2 protein chains.
Amino acid sequence: MNDGRTILNQWADAGECELPGEGATDQALSSTLMKGLEILALYSDQEDRFANAEIARRLGLNKATVSRLCKTLMHMGYLRRDPKGNFRLAPRILGLSYPVMAATRWRHQLVGPMREIAEMSTGNVTLAVMSGDQFVQVQTVGDPVSFPHIPEAGITGPLHRSASGRALLSLLDGQELYDKLAELRLRFPEEFEAHADLTAASIARCRSEGFCTSYGDWRPNIVALSTPLGETDDGLRVALSCGLPRFRAREDVVENDLGPRLAEAARSFRMMGIFKPPFFA
Amino acid sequence: MNDGRTILNQWADAGECELPGEGATDQALSSTLMKGLEILALYSDQEDRFANAEIARRLGLNKATVSRLCKTLMHMGYLRRDPKGNFRLAPRILGLSYPVMAATRWRHQLVGPMREIAEMSTGNVTLAVMSGDQFVQVQTVGDPVSFPHIPEAGITGPLHRSASGRALLSLLDGQELYDKLAELRLRFPEEFEAHADLTAASIARCRSEGFCTSYGDWRPNIVALSTPLGETDDGLRVALSCGLPRFRAREDVVENDLGPRLAEAARSFRMMGIFKPPFFA
DNA sequence: CCGTCTTGTTTCAAATATCGTAACAAATGT
DNA sequence: ACATTTGTTACGATATTTGAAACAAGACGG
């Protein structure tokens, strides 16, 4: 928009981020472990079972390899076979998450106020934390039925293409932000460009007005608002977000009523002593 | 107790379970993947950070190996470094759990009634599913503060040494039960023996009276009751349990009041059409 | 019912990714 | 500043992983 070079790209330029070593298989990384984890990461709420051949096709692996990896994952208890012979995630996988859930006890204090916001907005209210190049929802409040997806802790999404993600980015200061943006641009070149201006504007707005909005940037049918909360003492950056089905979201209400209310809620959440306040607040 | 051979051992004898191939590294399993997963499994609510050397020590690995594996896990987004250089779980790990959480939507219908039981008993109420040789809690209701541990979805525990586990075992019929017991005896020989009679009695009681109890078998300071609910259509076996701090649990109340009430609750839960009723009900 | 597909597991030798030593780098502590 | 501890990187030896092919087990269709 501004002479062909967005401000976000300028920021990203300022970040350090090595190029991946010529597309070659990074010899410092354990490829077998990666393949195994990629199998687990294949699953979603949409696809809860896979045949051996399907896993092999998606990951570009030999079916014999998949067979052995899945056998290992079953042995470890993270995969199970259903009656039809498909591989499914085993509930045991929740055990890996438990330490993280247990470490975020502070969210229990927030569910009450979150519930009020959910009722007020007739939407979903979530807490999201930054993890690498994604956000991860750690707490969800609201009515599960009226949404196209299933709101639960564990939902992940892109930092640069969602309200939650942008609110989280707004918490990063100076070089940290530049580095993260450089990483994102490296990982998703085309997407990053496509959303660059919106992302830059949202980050700025979070810092000035205390919230940002997104109209289907991430989930096409969801209008979302988000506000940065701050950083916990163990280094987790947290945002508070609200999502509405598009048909139920009137833009003027979102911008002039819900947004300011969410920002106000964030201010009161920050008084609880859980979060180190953001540098701009 | 009965001429030196417990009934549970007789059951376990009837189960098929190969011996592990002479302690040799099972060549059909991917050792690198196992090591990586073992690193992730090291974490708990008690220990949320590890130094490289500590991981190496616990798993008996070379520190160079640990370095490479952790680098890989960080690259995948499941591990992060804290300011002191320790390895911590990254929130991204929750993303692996999400598909399982999303698949157990039925639990939302149960939280209301569960909350009533929690209030009535002044304890914690949980839903647990069987996964391999463990149970996994998928839903928790109650007051987190009065417990020595942090009640959250994802807590795992032993099938043969807990009320929840025994209630789940009671759902297995015939050969399936024998196989599972044989597996458990193979995996935990000494523990299995130590708890064999209690486990057998609890399974029998679940089938006749609809519940079983445990006085510190798993967590020393927790008295627990559990009742089998049944099997969901995607093959998950579910139990409903209630836990109380020991000092607050009067045995006669547990046995004669709470137990029957829990069994009664289970009966009403089974009317909701979520579970295929157990073979003995 | 039998042959024909399809799909998954196992075997085995070849290939290559992993391991451990040792050197290096960094941080910690005295 | 030096000694000590701890984590990462390089590199050759080695053990693990890989993929082809054979095998086993169902599923399908005539």
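A, B, ... follow the sequence lines: proteins, then strands. Residue 1 opens every chain. In this text the structure is predicted, and so the values were computed from the model without any measurement.
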Between A/Glu176 and A/Arg237, is there a salt bridge with N-O shorter than 4.0 Å?
yes
The side chain of B/Thr65 is closest to which nucleotide in this list: C/dC19, D/dA20, C/dT18?
C/dC19
Atom-pair distance (CZ on A/Arg57; C1' on C/dT6), nearest Å
16 Å
With sugar-phosphate taken as primed atoms, P, OP1 and OP2 and all else as base, the protein-contact string of nucleotides 7-13 of chain D at under 4.0 Å (heavy atoms; B, S, -) is BBB----
Rounded to the nearest Å, what distance is computed from the NZ atom of residue A/Lys35 to the C1' atom of nucleotide C/dT16?
10 Å
Between B/Lys84 and A/Leu33, whichever has its closest DNA chain C nucleotide further toward 5' is A/Leu33
Rounding to a whole Å, what distance do you find between A/Asn62:CG and C/dT11:P?
16 Å
Please report the distance, rounded to the nearest Å, between CG in B/Asp82 and C1' in C/dA27.
14 Å
Please state whether the rings of B/His160 and B/His195 are parallel, tilted or perpendicular, taking 30° and 60° as the class boundaries.
perpendicular
Of all pairs that satisfy salt bridge (Lys or Arg N to Asp or Glu O under 4.0 Å), the ones with a partner from residues 73-82 of chain A, not counting sequence neighbours:
A/Asp82-A/Arg88
Report the distance from atom CG of A/Leu61 to atom P of D/dT17, rounded to the nearest whole Å.
14 Å
Are any non-hydrogen side-chain atoms of A/Phe135 and A/Met130 less than 4.5 angstrom apart?
no
State whether B/Thr32 places a side-chain N or O below 4.0 Å from either non-bridging phosphate oxygen (OP1 or OP2) of D/dT16.
no
Between the CG atom in B/Asp133 and the CZ atom in B/Phe192, the distance rounded to the nearest 0.5 Å is 12.0 Å
Any side-chain heavy atom of A/Met76 within less than 4.5 Å of one from B/Glu38?
yes
Can you list every stem that DNA chain C is part of, counting only runs of 3 or more consecutive Watson-Crick or G-U wobble pairs with both distances under 3.5 Å?
C:1-30 with D:1-30
Rounded to whole angstroms, how far apart are CG on B/Leu29 and P on D/dT18?
13 Å
Nearest heavy-atom approach of B/Trp218 to B/Thr156 is CZ2-O, 3.2 Å
Regarding A/Thr199 and A/Arg166, is there a side-chain donor-to-acceptor distance under 3.5 Å anywhere?
yes
Side-chain N,O (B/Ser31) to OP1/OP2 (D/dT17) below 4.0 Å:
yes
Would you find a donor on one side and an acceptor on the other, under 3.5 Å apart, between the side chain of A/Ser162 and the backbone of A/Gly165?
yes
According to a strict under-4.0 Å criterion, is B/Ser30 in side-chain N/O contact with OP1 or OP2 of D/dT17?
yes
